[in-house]
Amino acid sequence: LYAIHEIKGDLTTVGYSEPLTVEFLHQNQNLVLDTRHFSTDFKERLIASIDGLEDEVGGLLIHSENFQALNLLLEKYRGRVKCIYIDPPYNTKTSEILYKNGYKHSSWLSLLYQRIVLADKLIPPGTIVTTAIDHAELYNLGKLLDDFYSSENRIAIVTVQHNPKGRNQAEFFSENTEYLLFYAKDKNQAAFNEVAIDDAVKDTFSEKDDSGNFRWEPYIRARTAWSRENRPDNWYPIYVSKDLSTITSEYKEGYYEVYPITNTGEYSWKNIKSTFDELNKDGYFKAVNEDGKIIIYHKYRENQVLKNLWIDKKYQSEFNGTNLLKDIFGKSGLFMYPKSVYAVQDVLKLASPRNGIILDYFAGSGTTGHAILNLNREDSGSRRYILVEMGEYFYTVTLPRMKKVIYTAEWKNGKPLNRNTGMSHILKYISLESYEDTLANIELDDDKHQLAFKFGDEYLI
C-alpha cells in the first residue's frame with residue numbers, strides 16, 4: 001500500500017482509472033507498476049531490494065535510433081543474443097520510413113547493412129536471423145543477405161499470406177503476401193526447434209511421455225518408392241510376442257513374424273535393421289492386433305516438415321495485428337500495419353531457444369515482445385527480449401502494449417477479459433538522446449551568447 005500511495009497519476013497504462021481503494025487493490029494484485037511514477041527515494045530502495053535484479057529483468061526496451069542502440073548493446077551483449085527477428089520499413093509509399101531516405105533503394109540498403117553488421121556482433125554461430133519484407137525490396141534485401149551471410153547460409157524464403165483481400169488500388173497484381181527470409185550465422189551449427197506450428201497438426205499429437213508430445217504412426221512405408229525391391233535393406237522380419245508386449249528384430253520361437261506387407265504388395269520398414277535396434281527402447285514401438293493382423297507402430301514426435309507457404313488465418317495482419325491492437329487499447333489508428341502476433345510467434349517458436357535473448361531492433365508496435373510473452377505463458381519458457389524503436393509511438397503504443405500484455409493475455413475494447421493470465425515480469429526501458437537531440441536541447445545563457453558573438457559559429461558547433 002505504501003508503494004501505491006507513492007504513485008502519481010492513475011493506472012490508465014494498464015487499462016484502469018478507478019480510485020486506488022483497498023478493495024480495488026485486493027481485486028487487482030497483479031497490477032503492472034512503472035517506477036517512474038514513484039519518488040526517486042522509493043524507486044532506489046525498491047530496486048535495491050530485488051536480489052540479482054539483472055537476472056530478473058525479462059526484457060529491455062530502448063527508445064532510440066537503432067544504430068546508436070546497437071552500439072550501446074555491444075559491450076554487454078556481444079555473442080549473447082540467440083535469435084534475431086526484424087521487420088524493417090518496407091520502403092514503400094504506404095509505409096514511409098522515419099529515416100532519411102533521399103536516395104531510395106541505395107540509402108535503404110545502406111541503412112539495413114550498417115545495422116546488420118552491428119547486430120551480427122551480438123550473435124554466436126548457429127543463430128538464426130529472420131527478416132520480414134515485401135515485394136518492393138525483396139530482391140535487394142535478398143542480395144544483401146546473401147552477400148553478408150553467404151547464400152549457403154540461406155535457410156528458406158517463406159511466403160506469408162497476410163492480407164487475402166489484397167489492395168484494390170494495385171495497377172497490375174494485388175499484393176497479398178509478404179516474405180520471411182531465414183538465414184543462419186553458420187548453417188552447419190543451426191537447427192530449428194522440434195515443434196509443430198500448424199494448430200490442426202499439433203492437435204494430432206495427443207499422446208505424451210517424458211520426452212514430450214507424440215502420436216503413433218505405422219512403421220511400414222507403403223509406397224512404390226519404398227517397395228521391397230527398391231529398399232532391400234529396409235526389408236526384414238520383426239518378431240512380436242503373443243501378448244504383444246515384446247518387440248525385437250531377433251528371431252524368437254513362438255513369436256509372430258511380421259514383414260512390411262500390405263494387400264497391395266511387399267514394401268519396407270522406415271529404418272534399416274540396425275537403426276530399428278537403436279530405436280527399440282523406452283516403448284518407442286508398439287504392436288497392435290487389428291482384425292487378426294499384427295501392425296507395428298512407432299512414436300512420431302511433435303514436429304513436422306515445415307512448409308514455405310503460410311496461409312493460415314492466424315497469419316492475417318488485419319485480425320491478429322490491427323484488430324488485436326484495437327482490442328488492447330480500445331481504439332484504432334494508433335499504429336499502421338502491425339504484424340500478426342502469431343506470425344512472429346511461429347518464427348520464434350522455430351528459431352529461438354526457450355531460455356535465450358531475442359533481439360528486434362525495428363520493434364514497431366512491440367509485436368515481437370508480445371509474441372515472446374505469449375510463448376513464455378504457453379510453454380513456461382524464460383525467453384528474454386531486447387526491443388529497439390525510435391518512433392514517437394514508443395511511449396503511446398510500444399511500451400504501453402507490453403505493460404498491458406504483462407497484466408493479462410486477453411483484452412477486448414481496451415478492457416481486460418481474464419485477470420488470471422497476468423504474469424510476474426520485470427522490464428527495463430531507457431531513452432537514448434541522439435547527437436541532434438543534444439544540440440537541439442542546449443540552452444545558452446547570456447555569458448555563452450557573448451562567447452558565441454566573439455568566436456562565431458565555430459563556437460556553437
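Reckoned from all heavy atoms, side chains included, excluding hydrogens, waters and symmetry mates. Bear in mind that the values here come from a model prediction, so they are computed numbers and not experimental data.
- Electrostatic pairing of K202 and E378 counts as a salt bridge here, judged by a charged N lying under 4.0 Å from a carboxylate O.
- Checking each of T421, N418, N420 against T408 for a side-chain hydrogen bond (donor to acceptor under 3.5 Å, both in side chains) leaves exactly one that passes, namely T421.
- Checking each of L373, N376, L348, V81 against Y385 for a side chain to side chain contact (heavy atoms under 4.5 Å, CB included) leaves exactly one that passes, namely L373.
- Looking at N193, its side chain does come within 3.5 Å of a backbone N or O of K349 through a donor-acceptor pair.
- D282 places no side-chain N or O within donor-acceptor distance of the main-chain N or O of Y284, the cut-off being under 3.5 Å.
- Y139 OH: 12 or fewer foreign heavy atoms inside a 6.0 Å radius.
- Side-chain contact, S365 with T398: no donor N or O sits under 3.5 Å from an acceptor N or O.
- Remark: side-chain polar atoms of K270 are paired, donor with acceptor, to backbone N or O of P218 under 3.5 angstrom.
- Between the N413 side chain and the G330 main chain, no donor and acceptor come within less than 3.5 Å of each other.
- Remark: of the listed residues Y259, F285, Y219, Y219 is the sole one forming a side chain to side chain contact (heavy atoms under 4.5 Å, CB included) with I238.
- A distance of 14.5 Å separates NE2 in H162 from OH in Y315, rounded to the nearest 0.5 Å.
- Remark: aromatic rings of W216 and F214 are close, center separation under 6.0 Å.
- For the pair R215 and Y300, the cation does not sit on the ring face, since its NZ or CZ is not both under 6.0 Å from the ring centre and inside 45° of the axis.
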